[in-house]
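Read through the structure below, which is laid out as structure tokens, and then see the notes.
Chain letters run A, B, ... following the sequence lines, proteins first, then strands; residues in each count from 1.
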Amino acid sequence: MTPTDPAHFTLKPQPPYDFAANANFVTHYKGQEGADTFDGEILTRVLDLGTNVAKVDITSNGSTDDPALNITLSGQPIPAEIDTATRLVDRVVGARGNPQPFYDLVAEIPQLALLPETFHGLHLTQATSLFETITWAVLGQQISANVAASLRRKITEAYGRSGEIDGHPYALFPRPEDLASADIDDLRALGLSQRKAEYTLGLRDEFGSGRITEARLAAMDDEAVETELLKLRGIGPWTAHWLLIRGLGREDALPIGDVALQKTLGELVTGELFTPKELVDYAEQFRPYRSYLTIYLFALIRARRVGAV
DNA sequence: ACCCAGGCATTGG
DNA sequence: CCAATGCATGGG
């Protein structure tokens with residue numbers, strides 16, 4: 001291997017954009033979640049570039065109204081992979097999109113004013129892999145976020161690739177092929193239920209065989225994507241909508257049936273837990289930007305969980 | 001010892 | 001067609 005030769009570049013997100021708001025969201029206000037770590041200044045993450053992996057360090061070099069990000073890539077990316085890295089970083093930090101139309105809708109609703117105030121400049125940050133996002137969502141169904149994180153950590157340790165770049169240890173969530181040898185009992189031994197083990201292996205086969213690809217889903221409208229995903233065992237409305245937001249960056253999805261959203265939005269608006277129907281009905285006024293409502297509520301939930309708000 | 005968590009498929013009326 | 005039920009584990 002040649003000595004590490006970092007590549008540097010700049011990224012200009014769409015304003016209004018606040019780097020810390022986005023970095024805190026992806027790390028759940030804990031400084032670390034999954035592959036991402038954020039120390040308050042540098043967001044660090046290891047990316048799967050296809051042939052190689054590379055570490056990326058991201059810092060802010062701008063303001064909310066004129067945002068700029070400094071990107072430093074290290075590891076052994078070949079030139080052709082720099083483009084891939086750029087595209088992935090763009091997704092991870094939520095460079096595209098614009099929350100302003102959502103702010104304009106919220107401006108009419110005093111009970112929700114704290115959302116744009118507290119998280120001003122938060123965008124729709126995307127995961128780098130659809131398989132990871134959908135598997136993570138299945139693991140997280142019904143159970144608390146902490147339990148889901150624990151399951152995710154175990155499956156990463158057991159099956160993901162790991163290593164070190166510039167002294168920085170990393171562990172990547174497994175790709176479908178990394179799970180090739182896994183069977184139901186292996187996954188149950190990690191703490192998954194029988195059902196979740198079955199769903200996970202089913203998704204491994206669907207994504208691993210190429211029957212489902214990001215390119216195919218990306219070409220469909222929201223409704224077609226949902227229809228396609230609902231055919232998969234283990235995928236219901238909640239998971240399909242979460243994948244629309246986190247996996248595909250769509251702006252108008254709402255994870256129906258999410259008890260945390262029902263509780264948090266209900267408490268803000270009426271002081272009481274919303275039913276699933278009340279959540280859906282109330283969210284109507286935010287079309288076609290319901291993903292922002294979802295994300296800003298999750299930001300509040302995550303920040304409150306660690307006492308940051 | 002409970003009960004609930006950022007759901008879902010299956011079953012029984 | 002709607003309501004009820006089991007699921008795994010970690011934190012209240």
Side-chain angles (χ1 to χ4, degrees), chain A residues 24-30 33-34 36 115 119 122 124-127 132-158 173 182-204 206 226-248 250 253-268 272-280 282-283 290-309:
Chain A
N24 280 324
F25 181 84
V26 300
T27 55
H28 292 227
Y29 289 82
K30 295 181 306 189
E33 173 69 21
D36 298 291
L115 294 177
F119 306 108
L122 174 64
L124 301 183
T125 60
Q126 276 183 256
E132 175 174 351
T133 310
I134 201 165
T135 307
W136 184 93
V138 165
L139 295 179
Q141 286 166 5
Q142 160 62 16
I143 58 181
S144 69
N146 286 336
V147 176
S150 161
L151 291 178
R152 184 188 180 191
R153 209 159 31 240
K154 286 179 193 166
I155 204 168
T156 298
E157 284 170 8
F173 193 82
D183 63 24
I184 301 277
D185 288 339
D186 295 333
L187 297 182
R188 294 209 57 161
L190 297 180
L192 278 71
S193 63
Q194 173 75 26
R195 282 281 175 77
K196 279 183 182 161
E198 292 170 7
Y199 299 160
T200 300
L201 295 183
L203 292 169
R204 170 198 68 184
E206 291 293 330
E226 183 175 358
T227 302
E228 189 71 16
L229 293 177
L230 290 179
K231 293 177 189 165
L232 301 173
R233 212 161 153 261
I235 309 304
W238 180 83
T239 308
H241 283 243
W242 186 240
L243 198 76
L244 280 169
I245 298 172
R246 277 287 292 172
L248 297 170
R250 303 293 171 90
L254 178 74
I256 294 167
D258 188 301
V259 310
L261 291 180
Q262 289 162 20
K263 182 181 287 184
T264 306
L265 187 60
E267 281 173 359
L268 290 176
E272 295 188 16
L273 172 74
F274 269 169
T275 63
K277 180 173 172 7
E278 283 171 334
L279 172 63
V280 170
Y282 188 83
R290 292 178 296 171
S291 298
Y292 287 99
L293 175 67
T294 303
I295 289 296
Y296 277 68
L297 287 169
F298 277 137
L300 183 62
I301 290 163
R302 292 175 183 185
R304 281 179 171 171
R305 192 178 288 144
V306 299
V309 171

Answer yes if the side chains of Arg188(A) and Ser193(A) hold a donor-acceptor pair under 3.5 Å, and no otherwise. no
Is there side-chain contact between [X] and [Y], with heavy atoms separated by less than 4.5 Å?
X: Thr200(A); Y: Arg204(A); result: no
X: Phe298(A); Y: Leu261(A); result: yes
X: Asp258(A); Y: Leu297(A); result: no
X: His241(A); Y: Thr294(A); result: no
X: Ile235(A); Y: Glu206(A); result: no
X: Ser291(A); Y: Leu244(A); result: no

5'-most to 3'-most nt of DNA chain B touching chain A (<4.0 Å, heavy-atom partner on protein side) reads dA5(B) to dT10(B)
Per nearest nucleotide of DNA chain B, the residue lying toward the 5' end, Arg233(A) or Ala260(A), is Ala260(A)
*asked:* Can you list everything that forms a side chain to side chain donor-acceptor pair (under 3.5 Å) with Lys30(A)? Sequence neighbours excluded, please.
replied: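 So Lys30(A) forms a side chain to side chain donor-acceptor pair (under 3.5 Å) with Glu33(A).
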Residues passing the side chain to side chain donor-acceptor pair (under 3.5 Å) test with Thr239(A), sequence neighbours excluded, are Gln141(A)
Expected list for residues 238-248 of chain A near DNA chain B, using heavy atoms below 4.0 Å, is Trp238(A), Thr239(A), Trp242(A)
Within residues 296-309 of chain A, the residues having a heavy atom closer than 4.0 Å to DNA chain B are Phe298(A), Arg302(A), Arg305(A)
Under 3.5 Å, is there a donor-acceptor pair between the side chain of [X] and the main chain of [Y]?
X: Arg246(A); Y: Ala137(A); value: no
X: Thr156(A); Y: Arg152(A); value: yes
X: Glu267(A); Y: Glu272(A); value: no

(Q) Measuring only the C1' atom in each nucleotide, how far is dA4(C) from dG6(B)? A whole number of Å is fine. (A) 22 Å
Gap in Å between the two P atoms, one belonging to dG10(C) and one to dC8(B), rounded:
22 Å
Quick one: sort the Phe119(A) and Tyr29(A) rings into parallel, tilted or perpendicular, breaks at 30° and 60°.
perpendicular
Per-nucleotide protein contact along nucleotides 5-12 of chain C, 5' to 3', at a 4.0 Å heavy-atom cut-off (B base, S sugar-phosphate only, - neither), is -BSBBSS-
